[in-house]
Novice: 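Sharing a structure with you now.
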Amino acid sequence: METPAAIRIRDLEKVYAAAGNAPAKHALKGVSFDVPQGQIFGLLGPNGAGKSTLINILAGLVRKTSGSAEIWGFDIDADSRNAKRSIGIVPQEIVFDPFFTPLEVLENQAGLYGVPKAARRSLELLGQVHLSDKANAYARTLSGGMKRRLLIAKALVHTPPVIVLDEPTAGVDVELRRQLWELVGELNAGGVTVVLTTHYLEEAEQLCDRIAIINHGQLIANKPTRELVDMAREKVVVLTFDSGVPELPSSPAFLKCERAGERTIEITYDKDRSNAGEVLALVQGQGFRIIDVTTREADLEDVFVHLTSQAAA
Ligand code: ADP
Ligand code: MG
């Protein structure tokens with residue numbers, strides 16, 4: 001039997017009503033997809049695509065216009081209490097009362113969720129997000145990175161099977177991003193299903209098992225990461241020659257051939273119609289002496305640009 005979904009979304013619509021000068025906004029236009037259990041699932045899309053709207057509907061912060069959503073099998077309307085208990089949400093914005101300590105933040109949150117004192121694991125969670133030594137510091141004294149990690153711990157106090165992180169690494173530095181990726185990996189290894197939204201494609205490509213892309217409120221892709229990246233048809237070989245190239249090689253098999261340096265050129269080809277071996281043979285056949293070869297994989301960015309420009313047309 002198929003594993004049940006961690007999250008199941010069907011025909012989800014959201015229209016924000018007009019307010020003042022702002023016209024009504026159709027932010028989600030019938031979105032349907034499943035997040036399989038146990039995965040790291042990436043929800044990608046440009047700014048304004050509708051990612052936070054979708055997350056906030058799951059969190060119970062935004063009212064959907066129509067459609068349905070289930071979290072761990074619990075309908076967010078019919079069984080909202082269980083649905084809420086099954087998910088932890090790390091919001092896009094950092095908000096804390098500056099006068100609480102990390103330990104108090106977690107204890108308060110556990111209280112909100114009705115976690116009995118004996119079942120609380122605030123210190124353990126602080127350890128998990130590497131904040132043990134800050135347990136009793138004021139929240140206002142924490143760095144931005146520490147606050148983000150505290151938010152993650154806060155989302156975990158009721159031990160939900162699913163955690164959602166909305167743009168966890170927007171505007172954070174490289175070191176903290178690395179730490180957050182590691183933490184997400186550890187959580188997932190511990191059995192938690194992770195959903196993250198991001199507009200960093202590299203992040204999604206490295207971290208996620210599966211990726212859905214939304215654009216203008218519509219789902220335009222939903223595939224295992226590898227398959228999605230493989231949709232990029234173009235590949236590039238970079239060739240270095242033993243001397244300068246007065247004239248570039250040419251062939252109908254090349255989509256593009258460009259200079260990349262005095263003795264270096266880049267040839268782009270369609271991976272469904274050609275391959276690096278054939279490209280090399282064609283170039284050598286035209287009398288060029290190649291001394292070095294590297295290939296550049298197409299990446300998610302290529303696919304993303306392709307898909308989002310297509311959908312806009
Ligand atoms: P994302 O998180 O992908 O950047 P959002 O879900 O925040 O996108 O926004 C989707 C669209 O809905 C945007 O056009 C945004 O301006 C609009 N929007 C978001 N929140 C509100 C709101 N509270 N009222 C009106 N429009 C909103
Ligand atoms: Mg957002």
Side-chain angles (χ1 to χ4, degrees), residues 7-35 40-69 71 76 83 87-96 144-145 147-149 151-152 154-155 162-172 176-177 180-181 184 194-205 207-208 210-223 225 228 300-301 303-313:
I7 297 177
R8 184 173 193 271
I9 289 169
R10 289 296 176 274
D11 307 316
L12 201 60
E13 299 258 350
K14 175 63 190 178
V15 180
Y16 288 107
N21 287 334
K25 174 76 198 176
H26 201 167
L28 293 176
K29 301 172 183 165
V31 172
S32 301
F33 66 89
D34 286 354
V35 175
I40 301 181
F41 186 96
L43 184 60
L44 262 63
N47 277 325
K51 304 182 294 296
S52 291
T53 298
L54 194 150
I55 300 307
N56 290 336
I57 290 171
L58 295 177
L61 299 171
V62 167
R63 278 181 82 87
K64 63 185 162 61
T65 303
S66 62
S68 66
I71 301 164
I76 61 167
I87 197 165
I89 308 251
V90 183
Q92 197 169 344
E93 284 94 39
I94 297 180
V95 272
F96 284 121
K147 285 179 184 156
R148 288 222 177 245
R149 283 183 275 146
L151 272 179
I152 294 176
K154 193 179 165 195
V162 188
I163 182 169
V164 178
L165 302 106
D166 195 1
E167 304 267 359
T169 57
V172 309
L176 175 58
R177 189 173 306 168
L180 288 170
W181 289 5
V184 164
V194 179
V195 178
L196 61 94
T197 78
T198 182
H199 58 270
Y200 291 123
L201 300 173
E202 190 205 342
E203 173 163 293
E205 190 170 342
L207 218 54
C208 298
R210 191 179 183 91
I211 291 175
I213 301 180
I214 71 171
N215 193 31
H216 301 298
Q218 285 172 314
L219 195 77
I220 57 172
N222 175 13
K223 283 183 191 302
T225 305
L228 197 63
L300 191 55
E301 175 123 27
V303 181
F304 185 78
V305 168
H306 179 69
L307 287 173
T308 50
S309 59
Q310 229 178 21

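As a basis for the values below, the full set of heavy atoms in this structure was taken, side chains included, without hydrogen atoms, waters or symmetry mates. Counting starts at 1 for both ligands and their atoms, following the listed order. Note that the structure is a prediction, hence the values are computed from the model and not measured.
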Novice: Determine the minimum heavy-atom distance between Leu58 and Ile71, stating which atoms define it.
Specialist: O-CD1, 3.7 Å
Novice: Do Ser66 and Glu13 meet the criterion of a side-chain donor-acceptor pair at a distance under 3.5 Å?
Specialist: no
Novice: Show which atoms of ligand 1 fall inside a sub-4.0 Å distance from at least one heavy-atom site of Asn47.
Specialist: 4 (O)
Novice: What atoms of ligand 1 come within less than 4.0 Å of a heavy atom belonging to Ala49?
Specialist: 1 (P), 3 (O), 8 (O)
Novice: Using heavy atoms and a threshold below 4.0 Å, how should the contact between Lys25 and ligand 1 be classified: side chain, backbone, both, or neither?
Specialist: side chain
Novice: What do you reckon, does Ala27 have a nitrogen or oxygen under 3.5 Å from a nitrogen or oxygen of ligand 1?
Specialist: no
Novice: Students should be able to answer this: which protein heavy-atom is nearest to atom 10 (C) of ligand 1, and at what distance?
Specialist: Gly48 O, 3.3 Å
Novice: Does an N or O anywhere in Gln92 fall below 3.5 Å from an N or O of ligand 1?
Specialist: no
Novice: Run the side chain to side chain contact (heavy atoms under 4.5 Å, CB included) test on Ile89 and Asp166 for me, step by step, so that the C-alpha distance in whole Å, both residues' side-chain angles and the decisive distance to 0.1 Å come before the verdict.
Specialist: CA-CA 8 Å; Ile89 308 251; Asp166 195 1; 5.9 Å; no
Novice: With side chain to side chain donor-acceptor pair (under 3.5 Å) as the test, would you mind laying out the steps for Glu203 and Thr198 before giving the verdict?
Specialist: CA-CA 8 Å; Glu203 173 163 293; Thr198 182; 3.1 Å; yes
Novice: Do any N/O/S atoms of Gln92 come under 2.8 Å of the Mg ion (ligand 2)?
Specialist: yes
Novice: Give the residue, atom name and distance (to 0.1 Å) of the protein heavy atom nearest atom 23 (N) of ligand 1.
Specialist: Tyr16 CE2, 3.6 Å
Novice: Please check if a non-hydrogen protein atom sits closer than 4.0 Å to atom 16 (O) of ligand 1.
Specialist: no
Novice: Under 3.5 Å, side chain of Thr65 to main-chain N/O of Val15, donor-acceptor pair present?
Specialist: yes
Novice: Could you check if a side-chain atom of Leu43 sits within less than 4.5 angstrom of a side-chain atom of Ile214, using non-hydrogen atoms only?
Specialist: yes
Novice: For atom 8 (O) of ligand 1, what's the nearest protein heavy-atom neighbour? Residue, atom name and distance, please.
Specialist: Gly50 N, 3.2 Å
Novice: Does Ser52 bring an N, O or S atom to under 2.8 Å of the Mg ion (ligand 2)?
Specialist: yes
Novice: Give the residue, atom name and distance (to 0.1 Å) of the protein heavy atom nearest atom 5 (P) of ligand 1.
Specialist: Thr53 OG1, 3.7 Å
Novice: Can any side-chain N or O of Thr225 pair as donor or acceptor with the backbone N or O of Cys208 at less than 3.5 Å?
Specialist: yes
Novice: Which of the atoms of ligand 1 are close to Ser52, meaning less than 4.0 Å from one of its heavy atoms?
Specialist: 1 (P), 2 (O), 6 (O), 7 (O)
Novice: Below 4.0 angstrom, N of the basic side chain to O of the carboxylate: do Arg10 and Asp34 qualify?
Specialist: yes
Novice: Mark the output for Pro46 as yes if a heavy-atom distance to ligand 1 is under 4.0 Å, and as no if none is.
Specialist: yes
Novice: Quick check: does any side chain N or O of Lys14 sit under 3.5 Å from a backbone N or O of Lys29, one acting as donor and the other as acceptor?
Specialist: no
